[in-house]
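Following: one structure in structure tokens, then a few remarks.
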Amino acid sequence: MRYNSDIASILSEYWIVDPIQEQVTVLEWVEGFYEEKVYAGDSAIATLVSADLKLTAVQVLHCH
């Protein structure tokens, strides 16, 4: 996906949580495009937000 670089300057990463597909999609701004990584189950989510953040897709999908 190509977006305006002004948006990327404030939104370098965003997550889409899909409870129906039971997956978390992380989109990261890289050289003018958002790169998509999809996580499901016990996959550890890699994020730019914090290197110390340790979450899996299951933890995000089933938090209450």
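Residues take their numbers from the sequence shown, with the count starting at 1. Side-chain atoms are counted along with the backbone in the values below, which use heavy atoms only and exclude waters and symmetry mates.
Of the possible polar contacts, one joining the Glu13 side chain to the Leu48 backbone as a donor-acceptor pair under 3.5 Å is found.
In this structure, Asp42 and Thr56 approach most closely via the heavy-atom pair O-CG2, 3.6 Å. Closest heavy-atom contact between Leu61 and Glu22: CD1-C, 3.4 Å.
To the nearest 0.5 Å, atoms OH (Tyr34) and CG (Leu11) are separated by 4.0 Å. How far CD of Glu28 is from OH of Tyr14: 12.0 Å, rounded to the nearest 0.5 Å.
In this structure the side chain of Leu55 never reaches within 4.5 angstrom of the side chain of Tyr39, judged on heavy atoms. Side-chain atoms of Trp15 and Thr47, non-hydrogen and from C-beta on, do get closer than 4.5 Å to each other. Side-chain contact between Leu27 and Ile16 is present, with heavy atoms from C-beta onward closer than 4.5 Å.
Taken together through direct or relayed side-chain contacts under 4.5 Å among Ile, Leu, Val, Met, Phe, Trp and Tyr, Val58 and Val17 form parts of separate hydrophobic clusters. Cluster membership for Val38 and Val24, using ILVMFWY side-chain heavy atoms within less than 4.5 angstrom, is not shared.
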